[in-house]
Amino acid sequence: MPAADPAVKNAKANSSTRLPELSPQQKIELFRQMVEIRHFEEKAKQAFQQGKIKGFCHLYNGQEAVAVGSISVLNEDDAVITAYRDHAHALARGSDANACMAELFGKITGCSRGKGGSMHFFDVKKGFYGGHGIVGGQIPLGTGLAYAQKYLGTNRVTLAYMGDGAINQGAVHEAMNLAALWKLPIIYIIENNEYSMGTTIARSSAGDPLTKRAGAFDMAAIQANGMDIDDVRAKTFEAVSLARTESQPTLMEIKTYRYFGHSMSDPGNYRSKDEIEARRKSDPIELYKARLLEQKVATEESLNAIDEEALAKAQAAYDFAESSPEPAIETVYEDIWTPEDQIPEFQPSQR
Amino acid sequence: MPTLTYREALNEALSEEMERDDRVMLMGEEVAEYDGAYKVSKGLLKKFGPKRIIDTPISETGFSGLAIGAAMYGLRPVVEFMTWSFSLVAYDQIVNNAAQVRYMSGGQLSVPIVFRGSSGGGLQVGATHSHTPENWYANVPALTVITPAFPDDAKGLLKSAIRSNNPICFLENEKLYGYKDEVPEGEYLVEIGKAKVRREGSDLTIVSNSGSTHRALNAAKILAEQGISIEVIDLRTIKPLDFATIAESVAKTNRLLIVEENKPFAGWGAQVAYQVQRELFDDLDAPVHRLTSLDVPQPYNGRMEQAVLPNEDRVIAAVKEILA
Ligand SMILES: Cc1ncc(C[n+]2csc(CCOP(=O)(O)OP(=O)(O)O)c2C)c(N)n1
Ligand SMILES: [Mg+2]
């Protein structure tokens, strides 16, 4: 690729490199997003236990500040891609909670028409490119989104998320090399929740911190506290600015923790209740709530009201999903191929 | 009509399609400054520049996945594998991402991409470099698999493949790059999913593809001198399979030999044999016969490798066995 196209250079002059101060409304909005995600996940958990959601279902509780904080510094036309623990990223991108819940229920109203399930949410109109089930496999794809953003001179950027376990996949290293080599506007975000299924980071990954992996590629690297949404925002903003103004990639490691099992099928015998209880004390939502109260941005009652609304919204999503129709079995043959326009004789219906 | 090598025909297709649409770009190992490991991309860097003819590191997973992501975003990448044997390193990206994201997203995404490169045995490059993986990819729903045997088809099918809005595996044949034949100039498209009768005959039908089509045609010539009339169908596209053309021929000759370089177990020929027995049982005067590579890894030794491939002698012996 050429070193820098004109669109990227112009943007450098225009775009601010300081994280804009949030208005009280914007702060409350971030709080609302985190709370909505938490209630959505609680509702999904309940629905799974009722047998309404099948397969694998990976919950995000404890990690809310990562998706909400990092996505909050993007523009609407930037791109996001992640692994299978994907509900929060879709919701933070603005996906409809009803469509997300309906996808978990496998309904035709789901965000992937019931064909993706929990691990494969998509909402391309919102710049959300999935939802990917193969550990690390989404990272080359995200790198390609950034490649196309640059090729087309869009001045957009991509956030590509992965777990701490994914960082050991070859695909991730291959992609990071390409991004550094070709100066792609991408931010790789490791959501380090200390476990890949039941394997602690100490048993999976040589080299601490994980950001060291960027060094070999001369790639910028930065760590953030994933329990503190303001820190996530500040650090992601730095990385996004570097991508947007210099078209340079960054590897971020955001330290976080998941409260529930790896998936709904995991009883979690590899860690103690005490450990989880201790970690819940630095809950990202509680932390932010305390900060908003301290800053007098909101009152206890108003935040509690948001909590109530979020609960009602999750319930409404549940009701919507439950009352939605199943996909007609014939739709199993739909969405395989894109219709042809340049070779019209070779239509999907003829294959 | 000009005479071109298979290699030149592919080059012409790439060049014409890149001129037509600037979202089309070519990416792979040694495609730019080296002019391609098999010189298929010769001169393209000079013509289109480094933004569109991109040398990659040796990183098949990385650049295949990147190209799929770029296709999801609206580019129309052509990815060259130095050989399809090396595509195994990118298998996950092709199978799980290129072939599944449209479906898993409920139709939100398109993946207009062509994976292409050389394949096949016969050049004594050993087991790791001699695969014919068309059946492995044809087994994946949503993938279209094309294996041209002649320069005109190489050009016309590659142009169609690049214009498709869907993921395509385009398997060239290493032994055919130097093969010369007439190729129509300029706008010449061959329809994907259509087989072609390359030789007409009445005693027996051979269905083959890629290098095996040439083996079949050579054998048919020798057999003709012995008074045996063979019809040779070149599949061209493995999937979707053009069963109608096969059926028409078998209904006429009543005998079918399948010649494929795949290893025997679940090669594409097994699918053809299944469909023929299922739909044309009453038309058959003899059991369907499949001639494949032997079920062993590819040996380096030249005589051994020739014995492993479905060579002309084996084709002739199989025909005689069916007609006996
Ligand atoms: C290639 C591959 N291998 C194994 C799995 C099974 N698997 C799913 S998630 C997971 C753990 C991943 O952990 P991490 O990357 O830390 O992400 P987290 O679950 O913590 O979000 C494993 C082993 C898979 N989906 N894909
Ligand atoms: Mg983890």
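Source: prediction; values computed, not measured. First the proteins, then the strands, lettered A, B, ... as listed; each starts at 1.
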As an exercise, state the distance from CD of A:Gln342 to CD1 of B:Ile162, rounded to the nearest 0.5 Å.
10.0 Å
A:Phe56, CZ: over 12 other non-hydrogen atoms inside 6.0 angstrom
no
Okay, A:His132 and chain B: the region with an atom under 4.5 Å from a heavy atom over there is side chain
Looking at A:Lys115 and B:Ser105, would you say the former's side chain and the latter's main chain have a donor-acceptor pair under 3.5 Å?
no
Looking only at heavy atoms, which two atoms of A:Ile343 and B:Arg163 are closest? And how far apart?
CG2-CB, 4.0 Å
Taking all heavy atoms of A:Phe122 and all of B:Met104, pick out the closest pair and write down the distance.
CD1-O, 3.7 Å
Residue selection (most heavy-atom pairs with chain A, distance under 4.5 Å) from B:Gly107, B:Gly193, B:Ser164
B:Ser164
Tell me whether B:Glu248 at atom CD has more than 12 heavy atoms from other residues, nucleotides or ligands lying less than 6.0 Å away.
no
Counting heavy-atom pairs closer than 4.5 Å to chain B, which one of A:Gly133, A:Gly144, A:Gly170, A:Ala179 comes out on top?
A:Gly144
For chain B, which of A:Gly137, A:Cys111, A:Gly142 has the most heavy-atom pairs under 4.5 Å?
A:Gly137
Closest heavy-atom pair, B:Val24 versus A:Tyr151, reported as atoms and distance to 0.1 Å, is O-OH, 4.0 Å
Does A:Ser112 use its side chain to pair, donor to acceptor, with the backbone of B:Gly106 at less than 3.5 Å?
no
Is it the case that over 12 heavy atoms from other parts of the model lie below 6.0 angstrom from the NZ atom of A:Lys126?
no
Verify, without hydrogens or angle tests, whether A:Trp337 (side chain) and B:Asn166 (backbone) share a donor-acceptor contact under 3.5 angstrom.
no
Part of A:Ile134 lying under 4.5 Å from any heavy atom of chain B
side chain
Quick check: do B:Met25 and A:Tyr147 have side-chain heavy atoms less than 4.5 Å from each other?
yes
Is it the side chain or the backbone of B:Leu75 that comes within 4.5 Å of chain A heavy atoms, both, or neither?
side chain
So what's closer than 4.5 Å to chain B heavy atoms on A:Ile108: side chain, backbone, both or neither?
neither
So which heavy atom on B:Arg102 is nearest to which on A:Ile336, and how close?
CD-O, 3.6 Å
Heavy atoms, side chains only, cut-off 4.5 Å: are A:Tyr129 and B:Gln108 in contact?
no
Please check if the side chain of B:Asn165 supplies one atom and the backbone of A:Pro339 the other of a donor-acceptor pair under 3.5 Å.
yes
Among A:Val124, A:Ile139, A:Leu141, who wins on heavy-atom pairs under 4.5 Å with chain B?
A:Leu141
Using modelled atom types and a 3.5 Å cut-off, is there a donor and acceptor pairing between side-chain atoms of B:Tyr73 and backbone atoms of A:Ala79?
no
So A:Glu174 and B:Phe63, do their side chains get closer than 4.5 Å, heavy atoms only?
no
Given heavy-atom pairs under 4.5 angstrom as the criterion, report whether the side chain, backbone, both or neither of A:Leu178 touches chain B.
side chain
At a heavy-atom separation under 4.5 Å, does A:Asp341 approach chain B through its side chain, its backbone, both, or neither?
both
Taking atom CD as the centre, does A:Gln350 end up with more than 12 heavy-atom neighbours from other residues, nucleotides or ligands that are less than 6.0 angstrom away?
yes
So what's closer than 4.5 Å to chain B heavy atoms on A:Phe121: side chain, backbone, both or neither?
neither
Between B:Leu241, B:Asn97, B:Asn96, the one whose heavy-atom pairs under 4.5 Å with chain A are most numerous
B:Asn97
Residue A:Glu103 versus chain B: region with a heavy atom under 4.5 Å:
neither
Chain A contact via B:Asp55 - side chain, backbone, both or neither, heavy atoms under 4.5 Å
backbone
Is chain A contacted by the side chain of B:Gln100, its backbone, both, or neither, given a heavy-atom distance below 4.5 Å?
neither
B:Glu185 atom CD: more than 12 heavy-atom contacts under 6.0 Å:
no
Got a sec: does the CD of B:Glu33 have more than 12 other heavy atoms crowding it under 6.0 Å?
no
Work out which heavy atom in A:Thr338 is nearest to a heavy atom in B:Ser110; give both atom names and the distance.
OG1-OG, 2.7 Å
Does any part of the side chain of A:Pro140, heavy atoms only, come nearer than 4.5 Å to the side chain of B:Ile68, both counted from C-beta?
no
In terms of heavy-atom contacts, A:Leu145 and B:Gly69 come closest through CD2-O, 3.4 Å
Is any side-chain heavy atom of B:Thr237 closer than 4.5 Å to a side-chain heavy atom of A:Phe346?
no
Picking from A:His173, A:Glu340, A:Met176, A:Met119, which has the most non-hydrogen pairs under 4.5 angstrom with chain B?
A:Glu340
Under 4.5 Å to a heavy atom of chain A? For B:Thr56 that would be both
